[in-house]
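One-based numbering, in listed order, for ligands and for the atoms of each. Computed from a predicted structure; not experimentally measured. Position 1 is the first residue of the sequence, and the numbers go up from there.
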Amino acid sequence: MVAGGGARELEAVLDAAVEPVVACGADERILHINAATERLLGWERAQLLGRPVSDLFPARLHHFHGLSLPRYLLSRRKVLGGRPTRVASRRRDGVELMVELTVGASGEGAQERIVLTMRRLHEVIDTLEEPVEHVPGSPDDLAHSGETGDRLYRLLVENAPLGIFHFDRVAIITACNERFTHQMGTSKRNIVGLHLFTLRDEGLMACVRESLGGRTCDYEGDYRSLTSGKVLPVRVRFAPCYGDDGEVEGGVGMVEDITDRRRVEAEREAHIAQLDLLFRSAPVGIGFVGSDLRYVRVNETLARINGKPAEAHPGRTPRELFGAHAGSAVEDMLGQVLKTGEPLVQQESSTDEDLGLHGPRRHLSGSVYPVHTPGGRVLGLGVLVEDITERKRAEEERAHLYREAQEAIRVRDDFLSIASHELKTPLTPLSLRLATLERRLERGEHVDPSVLRHARHQLTRLTGLINDLLDASRIEAGRLSLHPEATRFDVLVEHTLTSMEGQRGNHVFDFERPPEPVSVQGDAYRLEQVVFNLLENALKYSPDGGTIRVRLAVGEDVTVLSVKDPGIGIPLDQQQLLFDRYFRARNASTRSYGGLGLGLYISRDIVERHGGRIWVESEPGQGSTFYVALPTLSAARQAPARTQTDRHLH
Ligand code: ADP
């Protein structure tokens, strides 16, 4: 057959053939089988050599019309025209396999050679129907029922939702269904005959070995097709196949394409990772508590709120975690929800008072709700806790601001009514006096200069009020200008006292001063305004008269002026507020004591801008002493910055 080739080369050529080939002599005894035949029929070459070829077929097919099966098929060669015939072959283990058989012959007499070529039935595309069963006199029924059984198996295997392949004892794939070829991305021709160990996948090989050892085995991994390179995530269940003799004759693998499952798993993992991230990074404390009131899990925020690390929570009860007091308060809440099944929503508590926890007070808002399975079983409790300390503080701040705004509105309203009253009060007597004056002049009568003096006094008062209003608004706008220069403060006080002689009434001024001159760096006009205001108040708020003691003392750096009156005094809680704009103490009723509550406000601004300080000591009913401390001239020159403030000076 092969020119110049020996028996070995012939063997190699035949072994390379995919299809099983059996060669016999004229006596129909086997001369040669190839490797594919070994695989298909389960014989080893040496065992078959010399045996009758009929051993490869069931006994019922040994004879047709008095001819052996090969001879019968040879006799029909013309009719068949090279087409195969479907027959049942018989494996070594007795199992019948449907094969497509083609028989050819060459040579004459003793030189005759008969060659049988077989193909496993479900590995061929079945286009020709020429079963031997149709031959008259053939054992129709048996062959037919064999074919039906085989077809059923074939349907079963082909329609299975899994890739299925069979391999023999030496791990060579002998058969597979279409789905498997799809999964592998190659053709059946490439798969059948493939040695599983050549796949070089350790996991796969281990499973093949296991199944050939009689055990089932599961493999999961990414299978890379050797031929197409396609990568497929698969789960393969390997199981042994047993022959009639109870021996393992091979194995079967059922391949599940787990691409979808992997995708779903990956999606689920991503989903869980997202939820986990959400859980961890939520700005709200989230926790899950089992129905035994033990924490299952808490996020970082809740751990922070609870003041314990997140990993300290699982398996512990609140009591174990926070101690008896705080723990039982929390457990009571949890227990209540567990018992009633009713959620508790946004329960506010404070860490110190309600929970008895140490550390700075924090306000918490907590919700507890039962967590059910879809079937309605209570799994445990969900806990949401928010630290609302900041929100609470902001709320309180808002409420405070609101109260202040209300107060400011009230003060403004009061001020407007006081201001209009104050401004109007001097006008009526002024216009009366002017009318009297006019009348007298018309009549040529004598005009009493006191009428004019009084009129001027009303005007001065009006001017003073209006000036105070203007100064207050200048101060608010940062526009009250100062013109500081070296000023004899002792002279200034004395001068102010003298200028007030006219209005001191039945009061006595007692001025005490150091013998040496007292100089300050100041705006004389504004400082006089301060002294005047203190003296005016001392007179005004001492309605019963008495001595107003004015003292000027001087130290190295500071000179202190004090004005002490025997008047109504100031309630203790109001003393700090006297220097605020519009403030009037509650014992200084508008009716008895006029005033806009601006004098001390303006005085404080002036004194502080001179680097000084103004304050009061008083006991209600016992009189008051106002103090003004100013840096002396020498001190002011050493530290000029103290007397100059950062306000604008115009
Ligand atoms: P007013 O024009 O109302 O007197 P001031 O700013 O000068 O405004 O004073 C503010 C408030 O301080 C006064 O309304 C009064 O209640 C209180 N006050 C000021 N001086 C005295 C004082 N010598 N004795 C008692 N209360 C005083």
Mutual orientation of the aromatic rings belonging to Y541 and Y593 [parallel < 30°, tilted 30-60°, perpendicular > 60°]: tilted
Close side-chain approach of V371 and Y369, heavy atoms under 4.5 Å: yes
Any pair counted as salt bridge (charged side-chain N to carboxylate O under 4.0 Å, His left out), so long as it reaches residues 457-469, sequence neighbours left out: E422-R461
For ligand 1, the residues whose heavy atoms come within less than 4.0 Å (ordered by chain, then number): N533, N537, K540, Y541, D565, I568, G569, I570, L578, F583, R584, A585, A588, G595, L596, G597, L598, G599, L600, S624, F626
Qualifying residues under side-chain contact (heavy atoms from CB on, under 4.5 Å), relative to R262, sequence neighbours excluded: E220, D222, P233, I258
Please list every donor-acceptor pair under 3.5 Å in which a side-chain atom of residues 557-564 meets a protein atom from a residue at least two apart or in another chain.
| residue | atom | partner | partner atom | Å |
| --- | --- | --- | --- | --- |
| T559 | OG1 | A553 | O | 3.0 |

Ring centres under 6.0 angstrom apart (Y601, F579): no
